[in-house]
Amino acid sequence: MDIGPLWLSLQLAFVTTLVLIILGTPLAWWLSQSRSRWQSVIQAIVAMPIVLPPTVLGFYLLVVLGPAGVIGSWWVKLTGNTLTFSFAGLVIASCIYSLPFAVQPMQNAFESLSSSKLEAAWTLGASKLDAFFSVVVPLSLRGFVSATVLAFAHTLGEFGVVLMVGGNIPGESRVVSIAIYEHVETLNFAAAHQLSLVLILFAFFILFGMFLVNRRWQPR
Amino acid sequence: MDIGPLWLSLQLAFVTTLVLIILGTPLAWWLSQSRSRWQSVIQAIVAMPIVLPPTVLGFYLLVVLGPAGVIGSWWVKLTGNTLTFSFAGLVIASCIYSLPFAVQPMQNAFESLSSSKLEAAWTLGASKLDAFFSVVVPLSLRGFVSATVLAFAHTLGEFGVVLMVGGNIPGESRVVSIAIYEHVETLNFAAAHQLSLVLILFAFFILFGMFLVNRRWQPR
Amino acid sequence: MNNVEMKYSLQKGDFKLEVDTRIPATGITGVFGESGSGKTTLLRCIAGLEALTDEDSRPPHKRRIGYVFQDSELFPHLTVQKNLEYGWRRNPDARRPITEFASMLEVDQLLDRSVSDLSGGEAQRVCIARVLCQEPQLILMDEPLSALDARRRNNVLPYLDRLHSETSVPIIYVSHNIDEICRLSDHLILLDNGKVVAEGGLQETLARIDLPQFRGQNAGAVLEANQSRYDAEFDLSLFQFLGGELWVPGCQDMRTTRLRIDAGDISLSRTSVKSSTILNILPAVIDEMIAETASTQLVRLRLGTNFLVARITRRSLHELNLQVDDNVFAQIKSVTVRY
Amino acid sequence: MNNVEMKYSLQKGDFKLEVDTRIPATGITGVFGESGSGKTTLLRCIAGLEALTDEDSRPPHKRRIGYVFQDSELFPHLTVQKNLEYGWRRNPDARRPITEFASMLEVDQLLDRSVSDLSGGEAQRVCIARVLCQEPQLILMDEPLSALDARRRNNVLPYLDRLHSETSVPIIYVSHNIDEICRLSDHLILLDNGKVVAEGGLQETLARIDLPQFRGQNAGAVLEANQSRYDAEFDLSLFQFLGGELWVPGCQDMRTTRLRIDAGDISLSRTSVKSSTILNILPAVIDEMIAETASTQLVRLRLGTNFLVARITRRSLHELNLQVDDNVFAQIKSVTVRY
Amino acid sequence: GSWADEDLTIAVASNFQRTAEKLATEFTLVTQIPIRITAASTSNLYAQIINGAPYDIFLAADIERPKSLEANEFAVRGSRMTYAIGALMLWSSDSSFEKGECVAALESGSYRKLAIANPEIAPYGLAAKEYLQAIGNWRDASSQLVFGENISQTLLFAVTGNVTFALVARAQVVASLPVDATCIWKVPSSLHSDIEQQGVLLSNSKSLESAQRFMNFLREPKAIAIIESSGYTVTE
Ligand SMILES: Nc1ncnc2c1ncn2[C@@H]1O[C@H](COP(=O)(O)OP(=O)(O)OP(=O)(O)O)[C@@H](O)[C@H]1O
Ligand SMILES: Nc1ncnc2c1ncn2[C@@H]1O[C@H](COP(=O)(O)OP(=O)(O)OP(=O)(O)O)[C@@H](O)[C@H]1O
Ligand SMILES: [Mg+2]
Ligand SMILES: [Mg+2]
């Protein structure tokens with residue numbers, strides 16, 4: 001069995017999840033705290049990427065990230081490489097596609113935190129940032145776990161966007177979901193079953209471990 | 001512009017979301033309350049459908065729901081119709097695919113509820129069910145909104161599973177995401193843009209309205 | 001008068017609650033004990049909130065037990081009004097309008113408020129009102145007044161008094177405030193480290209100067225008394241009890257009441273001299289004496305069938321040469337009345 | 001002695017806080033007022049937790065203000081130990097080990113506990129310890145003792161006393177319990193409906209019998225006194241103040257202390273007769289009188305430069321025919337000492 | 001792209017993927033030029049190519065897209081060639097058919113469902129539609145039709161027993177299938193227009209020379225033999 005696509009998928013899912021947590025956290029925090037009239041608008045906009053079919057979203061991303069596109073041309077100027085058909089491009093596309101799955105659980109967790117806990121941290125000498133990491137984050141662990149799980153799993157299973165932006169190039173953008181897809185398309189069921197099973201077992205044990213750890217840690 | 005696929009998509013998304021909320025709520029509640037060692041296992045299993053590429057999931061569903069499959073043959077016996085290529089089949093497939101997006105936010109909301117609120121309700125004469133609806137549900141509104149938004153948007157944008165299980169039959173299973181996809185495939189970009197825009201605007205206003213109402217209602 | 005059996009055994013970490021006693025099915029039973037002694041845990045057992053401790057297999061909502069929680073557990077998604085209605089709607093037998101209870105606890109101005117906009121004391125009052133609206137058959141109160149200021153506490157206390165005299169709803173009242181316990185309870189349970197260390201009628205139990213819990217600020221006694229005269233000119237009432245009579249300010253319309261006399265408010269003398277503003281001087285017999293601190297002594301006085309507890313310095317004991325069974329006069333400065 | 005300016009104006013729904021006053025930058029300033037009078041709101045303004053009310057533009061964490069919240073706001077994801085360390089770690093100037101404060105508040109047995117396993121009183125003690133560990137420059141306390149039983153309250157109170165005498169950390173102490181206020185505060189602010197209605201040194205302010213807040217259970221006075229003698233045989237101490245001297249049980253090693261005398265613990269007489277267990281009889285002059293209820297009268301007594309407040313029945317007033325500027329003897333039954 | 005310039009990357013329409021792999025192996029054996037195959041639907045590949053995909057050769061499943069690429073300078077002018085012609089097959093695994101009877105069943109409409117590829121997207125779908133029109137069944141069959149996104153999916157519907165019939169490519173049927181067929185019938189090519197698959201050399205290519213060698217290789221007998229054995233026909 002060719003382990004390459006699985007490995008690539010795991011890398012992609014890992015990097016994407018990491019980026020989403022890092023970038024999604026401030027966004028989710030802003031959404032949870034804002035009293036602005038724009039809050040609901042931004043919140044709805046964040047949910048938009050999932051409304052489009054992946055292939056269609058992939059198509060639009062292909063245009064934007066391509067060497068002639070807004071972001072793509074800027075990237076070419078900056079790095080000399082094209083963004084599409086590269087790992088970096090895949091990460092950007094996956095991030096956009098999975099953004100709402102990361103932001104919503106974190107936002108919910110932040111919103112259900114009572115503000116007095118934060119105030120207690122401030123008066124104990126914690127700056128806003130310090131209080132965020134020492135109080136908000138641990139008390140919102142559930143939200144982070146959900147965000148990680150949904151973003152990670154979703155990126156593993158992603159397909160349309162990756163195929164469009166990445167181009168199914170072995171070793172570069174041929175992720176495991178595409179590999180399974182190809183096995184199914186070519187009626188090579190045995191290989192498809194095998195790869196699916198490996199993927200599912202892999203994902204299962206990662207998620208199971210995560211839930212288990214999360215449960216231990218959870219304050220009751 | 002052909003409004004049929006959009007209408008069908010909205011119907012499918014609506015029914016799927018409804019079913020998911022109804023079936024997902026008890027599951028999420030069990031997951032949030034259970035101290036069983038199986039809890040983390042079930043939680044990981046619930047997340048599995050998103051790990052598989054939609055088309056591949058669709059393939060497995062095609063097998064299971066088909067007239068020769070476990071569920072499909074039983075359905076044929078029961079109703080005389082096949083489950084695949086029908087609206088009912090689409091709903092089942094969409095539900096399985098979007099299950100984790102509905103369950104996770106609800107589970108998080110339930111978990112962050114302090115049990116003393118429930119106990120207060122019980123001592124005030126509310127049965128477990130009554131307390132659930134009069135206290136747990138309103139205090140977990142955020143989770144329900146997230147679940148609804150993610151499940152709804154995800155079903156709207158869904159594609160691979162629907163294509164596989166539904167067979168792209170106009171008026172029956174040709175949802176808007178497939179229609180947009182076709183326009184892109186046939187290089188009919190103008191039509192694709194137009195339909196994407198309508199879908200996005202539609203989804204945007206539904207979600208925006210939801211977030212707005214949710215914000216008003218939220219106890220602080 | 002019926003009895004309610006309370007038999008619970010529960011392990012929680014290092015802590016073990018082990019209670020096996022009976023309390024009267026009427027009146028207010030006070031549960032007194034220091035922090036961590038298991039008072040809350042006991043109430044939770046009674047309410048059915050702790051699993052597997054109970055022979056009563058009914059779920060909490062069928063027990064018709066009202067519970068005023070130590071932290072006010074109001075529903076943040078409901079207004080004050082809706083919070084009050086919550087239990088009221090769920091009890092088909094609830095007869096009285098919620099406005100009655102709302103005005104009793106002075107929360108009628110707050111009915112439209114969101115629960116998150118209430119001050120600490122306001123929230124606690126709403127909590128009490130919510131349980132009263134529910135008209136339960138047994139009320140559990142976990143330090144319900146600790147968040148209230150003196151004025152409001154005094155406003156609520158008499159209502160709690162009246163509550164059980166009017167409706168005969170038994171109340172189990174947890175507090176570490178001896179004043180509240182004295183004013184309210186008829187029966188007393190003393191908890192220490194999860195065990196019942198003393199239990200009985202309020203008067204007998206309070207007068208037990210051998211219990212360390214009833215020393216210091218908690219030392220004192222309670223009398224049941226009947227009004228026999230009212231002096232309109234000076235707004236004074238004379239109360240009679242088995243063993244003597246006491247002048248008490250106010251109390252025009254009170255028939256029977258309970259008088260609390262702190263150990264610190266009694267001084268003893270050999271003779272009955274009336275030259276100060278002290279209104280009450282009662283003859284009594286020294287029943288029992290026990291050293292409280294190096295400097296002070298607790299003296300239990302017998303007046304007919306009643307007891308009083310006085311704190312005197314050892315020096316005074318020495319100067320007056322007081323002995324058990326001596327006849328003395330108790331000069332009583334203040335009396336707390338259950339209004 | 002410096003002053004701290006407090007100038008805040010804040011609208012919250014129907015409620016308006018309007019404070020413009022100065023408090024001493026040392027000692028304990030008590031904030032007294034009934035439920036809903038704005039005490040918590042005032043503390044929040046001082047801590048910087050209410051936006052736009054403050055000329056001080058520093059964020060809360062730079063103010064080095066410790067805040068003991070009305071509801072214990074412990075961090076549920078941390079053990080008791082980690083909770084205590086939270087503020088301590090964040091203050092590079094914190095010198096004393098957390099175990100010191102933990103044992104002072106009797107939470108050293110709980111250090112490994114999860115916060116959710118604490119009883120109500122235990123949680124509150126951990127809260128106080130957490131703020132002390134932080135060694136802030138100003139401590140705000142919002143009814144920190146209301147969840148504690150009498151024994152632990154008495155254990156904590158003297159520590160709070162010592163705290164400010166040793167470290168000179170000013171404390172703003174909110175309570176609706178006059179006893180706590182009397183024992184702890186040097187300065188007093190009386191809040192009513194968001195406004196400061198009285199303010200000043202504790203003794204003068206408490207002796208203002210014209211204030212309705214200081215009637216009833218809250219009536220009484222406070223004396224600063226120096227120990228002049230100790231009677232080892234009976235464990236009694238003699239305290240002197242400008243205007244007289246008082247025997248008080250115990251207090252062997254106390255130099256200067258504050259004595260609280262409830263209005264209900266004083267009786268007046270025309271002559272100085274010593275025949276009862278009352279140790280203390282002091283000559284005084286009637287300074288002011290005011291009707292408290294239909295039956296009782298509050299009498300302010302002058303003893304040198306100090307004041308006492310006595311409650312007597314109108315009948316006694318009548319019988320003894322007391323008038324302003326009359327010389328009388330105050331018989332004092334109990335004295336509460338700040339140990 | 002991070003691989004060496006002399007490597008060739010060939011974008012192949014999914015249906016031709018397996019054949020292309022065989023061709024590549026043969027080509028590499030002869031020339032020592034390594035080849036990467038990337039497969040997707042023709043339209044996907046087309047969109048990628050006009051957005052700068054690093055491909056050297058495009059083997060499409062239709063004529064339109066190579067034409068369009070050539071017209072828009074994305075492909076080397078004159079490099080366009082038909083490398084294979086597909087054939088339409090009727091396939092069924094329904095146990096009720098004795099071989100031969102199935103064609104009658106299709107023509108009389110006595111079946112549950114018929115899967116064809118989406119005629120809007122896939123050339124095989126268009127051919128299937130033309131065949132159904134030719135036998136006058138297009139209208140009647142509309143309620144029984146199920147559309148696959150491509151011919152792979154179309155065959156999947158039949159293989160999993162969800163449809164009675166599928167009209168698919170011969171290349172698929174020639175390969176080993178996981179399910180035994182009860183009915184395999186080649187639709188006469190006279191009943192639909194030719195399913196021509198064309199390839200072009202892409203102007204984006206960094207190794208045009210090697211690419212041209214591969215295009216030439218496609219006309220060599222060795223290559224033609226591979227293509228034909230895969231179920232396609234080749235015309236000069
Ligand atoms: N889950 C638990 N694990 C370990 N110990 C527990 C747990 N829950 C409660 N305890 C301990 O049980 C004891 C009794 O707690 P409880 O809340 O009944 O006390 P309480 O009398 O109500 O005190 P307070 O007056 O402070 O409210 C306490 O010592 C507490 O620390
Ligand atoms: N967000 C709000 N909207 C309207 N009114 C409010 C709001 N927050 C507080 N209040 C009101 O402000 C007043 C002061 O509240 P605060 O909490 O300061 O009182 P407090 O003196 O601390 O009372 P307690 O002793 O009961 O804790 C109360 O009457 C309260 O109802
Ligand atoms: Mg308790
Ligand atoms: Mg307050």
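Here is the naming used below: chain letters follow the sequence lines, and residue numbers restart at 1 for every chain.
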Trainee: What do you reckon, is CZ of B/F14 surrounded by more than 12 foreign heavy atoms closer than 6.0 Å?
Mentor: no
Trainee: With side chain to side chain contact (heavy atoms under 4.5 Å, CB included) as the criterion, how do B/I169 and E/K113 come out once you've worked through the C-alpha distance, each side chain's angles and the decisive distance to 0.1 Å?
Mentor: CA-CA 11 Å; B/I169 301 169; E/K113 293 273 182 198; 4.3 Å; yes
Trainee: Side chain, backbone, both or neither: which part of E/S142 has a non-hydrogen atom closer than 4.5 Å to chain B?
Mentor: neither
Trainee: Counting only heavy atoms not in B/F202 (residues, nucleotides, ligands), do more than 12 fall under 6.0 Å from its CZ?
Mentor: no
Trainee: Find out whether E/E149 and B/Y181 are in side-chain contact, i.e. whether some heavy atom of one side chain is under 4.5 Å from a heavy atom of the other.
Mentor: yes
Trainee: Compare all side-chain heavy atoms of E/Q153 with those of B/T55 and state whether any distance is below 4.5 angstrom.
Mentor: no
Trainee: Looking at B/G166, B/P67, B/G69, B/A68, which one has more heavy-atom pairs under 4.5 Å with chain E than the rest?
Mentor: B/P67
Trainee: With chain B as the partner, which of E/T42, E/T154, E/V159, E/N118 has the greatest number of non-hydrogen pairs under 4.5 Å?
Mentor: E/N118
Trainee: Does a sphere of radius 6.0 Å around CH2 in B/W30 hold more than 12 heavy atoms from other residues, nucleotides or ligands, not counting ones at 6.0 Å or beyond?
Mentor: yes
Trainee: Can you confirm whether more than 12 heavy atoms, excluding those of B/K128, are under 6.0 Å from its NZ atom?
Mentor: no
Trainee: Given heavy-atom pairs under 4.5 angstrom as the criterion, report whether the side chain, backbone, both or neither of E/N44 touches chain B.
Mentor: both
Trainee: Quick check on the interface: out of B/L62, B/V63, B/T84, who has the most heavy-atom pairs with chain E under 4.5 Å?
Mentor: B/L62
Trainee: Going from CD on B/E182 to OG on E/S43, what distance comes out if it is rounded to the nearest 0.5 angstrom?
Mentor: 10.5 Å
Trainee: Mind checking the CG-CG spacing from B/L163 to E/N150? Nearest 0.5 Å is all I need.
Mentor: 8.5 Å
